[in-house]
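Chain naming here is simple, since letters A, B, ... match the order of the sequence lines and numbering starts at 1 in each. A quick note: this is a predicted structure, and the numbers were derived from the prediction, not measured.
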Amino acid sequence: MVWVFAANDVLGQDFYARSTLRVAGELPGMYVVVKEGRRVTAGKIIETEAYIGEEDPACHAHRGRTPRNAVMYGPPGHAYVYFTYGNHFMLNIVTEHEGFPAAVLIRALEPVTGICWMIDRRGVEDPNRLCRGPGNLTAALGIDRSFNGLSLAGPRIFVCRDNAPSPCVQTTGRVGVNEGSDRPWRFFIPNHPGVSAYRMGTKAMRKKPESRKREGKTR
DNA sequence: GATTGGATCTACT
DNA sequence: GTAGATCCAATCG
């Protein structure tokens with residue numbers, strides 16, 4: 001499938017320099033495009049989550065500024081990419097004004113362009129599973145630490161809008177966070193097969209595995 | 001320097 | 001429903 005993105009469709013910094021909840025609510029339906037040399041991969045955003053300020057217990061900025069989360073304190077319209085759980089990168093988009101730590105986590109995409117590259121990177125062929133979940137979509141698009149702090153004005157990564165009318169968007173509590181999951185800051189396109197509807201909010205119910213402590217664990 | 005826990009995913013029971 | 005993989009960053013000493 002060939003997809004042509006016109007330069008004037010790329011979202012500018014003014015789009016991100018607004019309320020995080022507005023940005024997170026408007027991003028579903030937009031397209032994330034990643035260019036790695038001749039490889040172009042793109043997907044339609046179908047699920048997001050908002051992380052807002054040091055007051056938000058689930059936000060990385062909750063305990064103040066650190067070298068890791070410094071990008072969130074920077075100007076809007078930049079990518080905040082971090083590594084977690086030993087094997088997953090997360091893609092966030094910095095929002096609001098410089099100095100205020102807030103970002104939108106991209107949780108799921110619908111593969112649109114460069115699907116062969118995604119299959120190549122993931123080793124998975126089911127298009128519904130290719131970009132479902134924040135760790136999976138970064139793997140499919142080839143996003144890693146080197147994207148941290150990059151401007152979403154391109155050229156390596158950018159977001160653009162569609163001519164189609166905005167899709168209807170539903171909200172629920174956030175996934176995978178222990179505190180703050182009560183806030184309806186997760187936005188998604190309902191009934192989309194690519195939405196990571198699996199195990200909604202079950203993380204909070206999972207006990208911290210005592211067995212993971214050193215004993216007998218070769219690492 | 002060592003320890004701890006994490007904005008996850010998958011396979012297995 | 002549960003456990004294991006996997007490693008970085010923050011925290012504690």
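Protein atom NE2 of His60(A) is 15 Å distant from nucleotide atom P of dC8(C), rounded to whole Å. Distance Phe89(A) CZ to dC9(B) P: 14 Å, rounded to the nearest Å. The CE-P distance, from Met72(A) to dA7(B), rounds to 11 Å in whole Å. For Met90(A) and dC8(C), the CE to P distance is 15 Å, given to the nearest whole Å. Between the CD atom of Glu54(A) and the P atom of dA7(B) there is a distance of 16 Å, given to the nearest Å. Atom CG in Leu137(A) sits roughly 13 Å away from atom C1' in dC9(B) (whole-Å rounding). Across the protein-nucleic acid pair, Phe83(A) atom CZ and dT8(B) atom P stand 13 Å apart, rounded to whole Å. Rounding to whole angstrom units, CD of residue Glu49(A) and P of dT8(B) are separated by 8 Å.
Under the 4.5 Å side-chain contact rule for hydrophobic residues, Tyr16(A) and Val81(A) share a cluster.
Exactly one of Val32(A), Thr48(A), Val169(A) qualifies for a side-chain contact (heavy atoms from CB on, under 4.5 Å) with Leu27(A). That residue is Thr48(A). Checked against Met72(A) for a side-chain contact (heavy atoms from CB on, under 4.5 Å), the options Glu96(A), His60(A), His78(A) give a single hit: His60(A).
Of the side-chain N and O atoms in Arg174(A), none sit less than 4.0 angstrom from OP1 or OP2 of dT8(B). Checking the phosphate oxygens (OP1, OP2) of dT10(B), a side-chain nitrogen or oxygen of Arg122(A) falls inside 4.0 Å.
Among the nucleotides dC9(B), dA5(C), dA7(B), the one closest to any side-chain atom of Asn87(A) is dA5(C).
Residues meeting the side-chain hydrogen bond (donor to acceptor under 3.5 Å, both in side chains) test with Asn148(A), sequence neighbours left out: none.
Remark: the His88(A) side chain and the dA7(B) base include no donor-acceptor N/O pair separated by less than 3.5 Å. With hydrogens and angles ignored, no donor-acceptor pair under 3.5 angstrom links the side chain of Tyr85(A) to the base of dA7(B).
Backbone-only contact: Asn136(A) has heavy atoms under 4.0 Å from sugar-phosphate atoms and none from a base.
Here Asn69(A) contributes atom CG and Tyr82(A) contributes atom OH; the two are 11.0 Å apart, rounded to the nearest 0.5 Å. Between Ile46(A) atom CD1 and Leu137(A) atom CG the span is 9.5 Å, to the nearest 0.5 Å. Separating the CD atom in Glu125(A) from the CG atom in Leu130(A) is a distance of 9.5 Å, to the nearest 0.5 Å.
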Using atom names, set out every protein N or O paired with an N or O of nucleotides 10-13 of chain C below 3.5 Å, distance rounded to 0.1 Å.
{"from": "dA10(C)", "atom 1": "OP1", "to": "Thr66(A)", "atom 2": "OG1", "distance (Å)": "2.5"}
{"from": "dA10(C)", "atom 1": "OP1", "to": "Arg68(A)", "atom 2": "N", "distance (Å)": "3.4"}
{"from": "dT11(C)", "atom 1": "OP1", "to": "Arg63(A)", "atom 2": "NE", "distance (Å)": "3.4"}

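A donor-acceptor pair under 3.5 Å is absent between the side-chain atoms of Arg107(A) and the main chain of Pro134(A), judged by distance alone. A distance-only check finds a donor-acceptor pair linking the side chain of Arg132(A) to the backbone of Pro193(A) [under 3.5 Å].
For DNA chain C, the stems formed by at least three consecutive Watson-Crick or G-U pairs, with both atom-pair distances below 3.5 Å, span B:1-6 with C:7-12, B:8-12 with C:1-5.
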